[in-house]
Protein chains: 2
Amino acid sequence: MSSKPFSSVWLREPRKSAAAPGRSREEIVAAAVKLLDEEGLQGLSMRKLGARLGAGATSLYWYVANKDELLELAYDQVWGEVVVPDPDEVGWRDAVSALAYGMRETILRHPWSADLIGRLPALGPNSMRVGDRIRRIFKAAGFQGLDVDFCGNTLTAYVFGMTIPEIAWLSSMGEEDIEQMRDAVRMAASAHPEMLESVDTLAGGDPGTVRRMSFDFGLVSLLDGLERRRAS
Amino acid sequence: MSSKPFSSVWLREPRKSAAAPGRSREEIVAAAVKLLDEEGLQGLSMRKLGARLGAGATSLYWYVANKDELLELAYDQVWGEVVVPDPDEVGWRDAVSALAYGMRETILRHPWSADLIGRLPALGPNSMRVGDRIRRIFKAAGFQGLDVDFCGNTLTAYVFGMTIPEIAWLSSMGEEDIEQMRDAVRMAASAHPEMLESVDTLAGGDPGTVRRMSFDFGLVSLLDGLERRRAS
DNA sequence: ACCTGAACACCGTTCAAGT
DNA sequence: ACCTGAACACCGTTCAAGT
């Protein structure tokens, strides 16, 4: 196990900028997000980002302690895009659903963020805002004490666990490799009739639609299960 | 988006070895798993692994096309450790629970595997075996057609989504940084009373126990939800 | 059939030096 | 206060050459 000491950008005071700073953290983070959206996590290097900003390779280290801090900043930016519903206006089930779909769509819009889930501390203001909202929704639903946290953990686990492989599926191949990939799975599954059956069943529908159906199936099941807990 | 063409070790014929090969794929994969267990994903480099095997830095490329293929092999090895219950003997709810806990424990035993989930194709025989078992269990429970896949997706999503952050929590810090880390969260959450409350509620119990309770809470809820679907 | 070392094109990060 | 370039210690991978 590696076990490095814990650290995060959000625990350090940012540098105080002078009157007219050439660059700013915001500018750097925005450029990083843009580069990540365009070229993925692998496409981001400190040198490349520096070059894009017309700066020397290592200038960024003035604004940011290291690459991980930059990624923390970019990651929190993504969480800022998640639409958080107001639980007082729509019943808790609808609020949870909206939030789950919102999280999913945001991650799909920034596929590189899926690679960061759980690998980087999520202590930024936007992450906190989403976490806060999740708690409020479940409290408003009537959950208490530890159960409020457990509900939140369960929901985010489901959304993350469902979305991460979705991203992998989408990005590991182009558009028309689909049939080629299905053949691959068929071959890998040749020893297991059940699995083969699965491939063929799924091959019928449009992949995007099937994924959405799958997401909805699990989400509804989860909500049903939570509702049962709440009632008891 | 990066979108490289899809490829996997499991789709290529391995090299045929002569009578007395100096090294073998099995030996290399075993050494890789050992190194990964000891030093984590970051700790594995082709050079370091080569050195451990008493080989030149680049000898491994004879047995494996690239590092990703090596990781695919190591990853599937991990899936081989998952205990898969027989659904004919224990009822579907118990079978699903056992499998979920089995997956969780296996991942916790090899924390680096969590970083690979969804980032690498899982087409190896051991992954397939687990996938097959999951399908069989849900079929035996009475699910049909697409629902069988949806149940499986939901279950694995939950286990992955719950376990990935668990790993992060465990590996991002040592044993006694816990209180320091809690302070960090408290500070980050200072704008959100709900979140603060959460930190304090959770601070009471032993972290490992609380995590297990959380896992169980979500799992039971999920099973309840699926049961409801099955009945209707 | 298997292994080697040198070489290529990269990385993140540090740091003394500049303005 | 901010930026630079050179340098360090790494990477994964290719490939001609060896046995």
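Order of the sequence lines sets the chain letters (A, B, ...), proteins ahead of strands, with each chain counted from 1.
- Residue pairs satisfying the side chain to side chain donor-acceptor pair (under 3.5 Å) criterion with at least one member in residues 52-62 of chain B, sequence neighbours excluded, are listed as follows: B/Glu38-B/Arg52.
- Considering only residues two or more places apart in sequence or on other chains, A/Glu72 meets the side chain to side chain donor-acceptor pair (under 3.5 Å) condition with A/Ser8.
- In this structure, CD of A/Glu69 is placed 13 Å from C1' of C/dT13, rounded to the nearest angstrom.
- Residues forming a salt bridge (charged side-chain N to carboxylate O under 4.0 Å, His left out) with A/Arg212 (at least two apart in sequence, or on another chain): A/Glu105.
- Using a cutoff of 4.0 Å between basic side-chain nitrogens and carboxylate oxygens, A/Arg186 and A/Asp200 are scored as salt-bridged.
- Taking the side chain to side chain donor-acceptor pair (under 3.5 Å) definition, one finds that A/Ser198 meets it with B/Asp149, sequence neighbours left out.
- Across the P atoms, C/dA9 and D/dA9 are found 22 Å apart, a figure rounded to whole Å.
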Task: Dot-bracket summary - DNA chain C, pairs being Watson-Crick or G-U whose distances fall under 3.5 Å, with | when paired to another strand - done: ||.|||||...|||||.||

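- For A/Ala65, the side chain to side chain contact (heavy atoms under 4.5 Å, CB included) criterion is met by A/Arg12, A/Glu69, not counting sequence neighbours.
- Taking 4.0 angstrom as the limit, B/Trp62 places none of its side-chain polar atoms (N or O) nearer than this to OP1 or OP2 of C/dC3.
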Which side-chain N or O atoms in residues 107-114 of chain A pair as donor and acceptor under 3.5 Å with protein atoms at least two apart or in another chain?
residue: A/Arg109; atom: NH1; partner: A/Glu81; partner atom: OE1; Å: 2.6
residue: A/His110; atom: ND1; partner: A/Asp37; partner atom: OD1; Å: 2.7
residue: A/His110; atom: ND1; partner: A/Asp37; partner atom: OD2; Å: 3.3
residue: A/His110; atom: NE2; partner: A/Glu81; partner atom: OE1; Å: 2.9
residue: A/His110; atom: NE2; partner: A/Glu81; partner atom: OE2; Å: 2.9
residue: A/Trp112; atom: NE1; partner: A/Asp37; partner atom: OD1; Å: 2.7
residue: A/Ser113; atom: OG; partner: A/His110; partner atom: O; Å: 2.7

Can you tabulate the close N/O pairs, meaning under 3.5 Å, that link protein atoms to atoms of nucleotides 8-12 of chain D?
residue: D/dC11; atom: N3; partner: B/Arg47; partner atom: NH2; Å: 3.4
residue: D/dC11; atom: N4; partner: B/Arg47; partner atom: NH2; Å: 3.3
residue: D/dG12; atom: OP1; partner: B/Lys67; partner atom: NZ; Å: 2.7
residue: D/dG12; atom: OP2; partner: B/Met46; partner atom: N; Å: 3.1
residue: D/dG12; atom: N7; partner: B/Arg47; partner atom: NH2; Å: 2.5
residue: D/dG12; atom: O6; partner: B/Arg47; partner atom: NH2; Å: 2.5

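- Note on residues 154-171 of chain A: pairs passing salt bridge (charged side-chain N to carboxylate O under 4.0 Å, His left out), not counting sequence neighbours, are A/Arg104-A/Glu166, A/Glu166-A/Arg211.
- Applying the side chain to side chain contact (heavy atoms under 4.5 Å, CB included) rule to A/Asp132 yields the partners A/Arg136, B/His192, B/Glu194, B/Met195; only residues at least two apart in sequence or on another chain are considered.
- Of the residues in residues 50-59 of chain B, those lying under 4.0 Å from DNA chain C by heavy-atom distance are B/Ala55, B/Gly56, B/Thr58, B/Ser59.
- Looking at residues two or more places apart in sequence or on another chain, you find a ring pair (Phe, Tyr, Trp, His ring centres under 6.0 Å) between B/Phe217 and A/Phe150.
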